[in-house]
2 protein chains.
Amino acid sequence: MGRRPTIIDVARLAGVSKSTAARALTDSPDVNEATREKVRKAAHTAGYERNHLAVGMRSGRSGLFGLVIPDITNPFWAEVARGAQDIVGENGASLLVFSSDWDHDREAAHLRALRQARVEGAIINPVSDNVDDFGRFGVPFVLIGSSAERFPDTPSIGSDIAQAVRLGLDHLVLLGHPTPALILGPKSRLARARFLRTVHEHCLERDVDPGALLVEDSDYTFEGGYAAMQRLLARRPIGHIAVFCANDLIALGAMLAAREAGRECPRDVSILGFDGVPAGAFSWPGLTTIEKPAREMGRRAAMALFDEIAGRPQDGRIYLPCRLVERGSLADLGAQTPLRVAGVGRS
Amino acid sequence: MGRRPTIIDVARLAGVSKSTAARALTDSPDVNEATREKVRKAAHTAGYERNHLAVGMRSGRSGLFGLVIPDITNPFWAEVARGAQDIVGENGASLLVFSSDWDHDREAAHLRALRQARVEGAIINPVSDNVDDFGRFGVPFVLIGSSAERFPDTPSIGSDIAQAVRLGLDHLVLLGHPTPALILGPKSRLARARFLRTVHEHCLERDVDPGALLVEDSDYTFEGGYAAMQRLLARRPIGHIAVFCANDLIALGAMLAAREAGRECPRDVSILGFDGVPAGAFSWPGLTTIEKPAREMGRRAAMALFDEIAGRPQDGRIYLPCRLVERGSLADLGAQTPLRVAGVGRS
DNA sequence: GTGAAAGCGCTAACAG
DNA sequence: CTGTTAGCGCTTTCAC
């Protein structure tokens, strides 16, 4: 259980100098194949493992990357983390993961920890302007998520909200819901404006008056969606009503509100979500939603980082397309056939 | 964007030697308060940040800890990760997170990465006997999760399945379900045996014949629970049936199967889950379940690690108690039938 | 193709 | 209280 073996131990065991041992172990071409094999064997029998701290110190490459997200417990961010983890791992490096809880101070502390760990690069969902500072330290980083749009000069990865909204709207129109109600996030959010603008454009293109749409505000929570749906149902007490929700939690809350009001989904109410959270697959009916490519976002963010480090310059923001996941929460008003209510069907 | 400032830059700027600068910055008591302030100021204006690689190299303390779990995308493990992250962060260190996907080779690779990063300690959900090797490298580690029970000689953290099963059974009995059916995991799993044994004990204590219980096997998935429940309903086509499921996914699948069979939950069917996954809160009805203390497990695992490093020896396995979360999936039969009719099974 | 030596940034003796 | 010195383990010139 004593001292871990160093390259000097290996060198001694192989009867070579430590520089030769190092060369052999780093697959340097300037070393005799027989010597290399000898060193390899010695390293193996000594149980040698390269000390990345020393390597990082000498070479400036720590083999460490950082990820700062709001909360690893949030399924969306967990997927992002997984994607980043996979790419970082494929490149022989390791990932430091931090949760900021949308807190400026925590974020600042985590960014400092990343710098002190001498990470080679970082993926950050920015909650404040801390990242401006971060850029000054010369650590390559890419931003991720919608909050990254506030930093147009920094390479970033996001989902294509405009494309997603159009996808949802097209699908709703197809099923006979040309003027869906909207339950949106708080007015303060950038994403809300983008969502609404795209809806307006889509309406205009179809010659429908955007002003005719029912809109409710919410706060991206289950409870918020529940309350907003109650208001919506009060405003439109009869007839089928279709609702396009700004996220899945809102949609799930809306679904419960409808049920408790005796309006059955999808018979009396159609609900379309946005996110692709796992819980949507287990609700009743299953939640039809637009899935953000969370894992792919994490992967692409990590790839962008490696590209940047390798000197391949990154262009600004990359928008990844979203995908429609059909489950059972939308009625097909155009069809004469009885409604299909699927509960199973996970992505 | 040039070279990051080192402690030598700080020392020069403050007009002291680098060791004095180091002492001042490490809050060593052996330094004049005025000097310390001077150095602090210099460090600040230089934009100095300690290089943890160098610190780790010199002191042997890398400030890095490792976590190897099956999948960060699994909500249970994400909670564990969060708990560990929080404690590690509170101690000024950072956490390297890896997902093994229950794969031996990936696990081995991750453990090697941890060793090479010279982590000060690791938390591992073991999938294979790789951890036996790991122990030999002198890196402190604690195991976590039910698979850790295979290594009784290593400190580990788990949830108290026996206590959880008793909690569930007590609650079911209280609500008038003295002989619930069981949907369990695969026969190969250790957890299954423990679950079943506890149920038997509980039955015996209440003078009910364990053999009278309906049992179905499943595989811990939604689809598996769905199929198992179909078989259960076929075996017991009439009357209220209560089911204690080995995990929440099974329970959610069972709920769907019941609904599709026209047996409404909780009117005709009572379903009790086990895990505490988020999706259970959004199902209809909400899933009553026994929640494993996932985050607390992560916290305690990290704490145990710090204890061990600090020389406070760890005792074997710690079992953390689970908690009943009441939502809407259990019927209270006590309303019409006398409660606590021990020994009276239905047949 | 191999060895000797320097040094990455820091902390921990050891002197003063 | 503060400065000097010696490495931690590794890679990388620079010689040979």
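Letters A, B, ... mirror the listed sequences (proteins, then strands); counts begin at 1.
- Contacts of A/Asn32 with the nucleic acid, taken as non-hydrogen atoms under 4.0 Å apart, involve only primed sugar atoms and P, OP1 or OP2.
- The phosphate of C/dC8 has neither OP1 nor OP2 within less than 4.0 Å of any side-chain N or O from B/Thr6.
- What separates CD of B/Glu49 from C1' of C/dC10 is a distance of 15 Å, to the nearest Å.
- For the pair B/Ser19 and C/dA12, the criterion of a side-chain N or O lying under 4.0 Å from OP1 or OP2 is not met.
- In this structure, B/Arg317 places its CZ atom where more than 12 heavy-atom neighbours from other residues, nucleotides or ligands lie under 6.0 Å away.
- Separation of the A/Phe65 and A/Phe306 ring centroids falls under the 6.0 Å cut-off.
- Applying the 4.0 Å criterion to OP1 and OP2 of D/dT11, one finds that A/Arg50 has a side-chain N or O inside that range.
- Atom CZ in A/Arg3 sits roughly 14 Å away from atom C1' in D/dG7 (whole-Å rounding).
- A/Arg118 places its CZ atom 8 Å from the P atom of C/dG9, with the value rounded to the nearest Å.
- Across the interface with DNA chain C, nearest-nucleotide mapping of A/Ala21 and B/Ala54 shows A/Ala21 to be the residue nearer the 5′ end.
- Rounded to an integer number of Å, the gap from B/Arg58 CZ to C/dG9 C1' is 11 Å.
- Residue B/Thr20 has a polar side-chain atom (N or O) positioned under 4.0 Å from OP1 or OP2 of D/dG3.
- The aromatic rings of A/Phe98 and A/His110 sit tilted, their planes meeting at an angle between 30° and 60°.
- If you take CD1 of A/Ile8 and C1' of D/dC8, they are 10 Å apart, rounded to a whole angstrom.
- Of the listed nucleotides (D/dG3, C/dT11, D/dT11), D/dG3 has the atom at the smallest distance from the side chain of B/Ser17.
- Contact between B/Arg295 and B/Glu79 at its shortest, heavy atoms only, is NE-OE1, 2.8 Å.
- Here D/dT12 presents its C1' atom at 16 Å from CG of A/Leu25, a figure rounded to the nearest Å.
- Comparing C/dT2, D/dG3, C/dC10 by their nearest atom to the side chain of B/Val16 picks out D/dG3.
- Between B/Ala117 and B/Leu96, the shortest heavy-atom distance links the atoms CB-CD1, 4.0 Å.
- Heavy atoms of B/Arg23 sit under 4.0 angstrom from at least one base atom.
- Residue B/Asn51 contributes atom CG, which lies 13 Å from atom C1' of C/dT11 at whole-angstrom precision.
- For the pair B/Arg12 CZ and D/dT2 P, the interatomic distance rounds to 19 Å; values are reported in whole Å.
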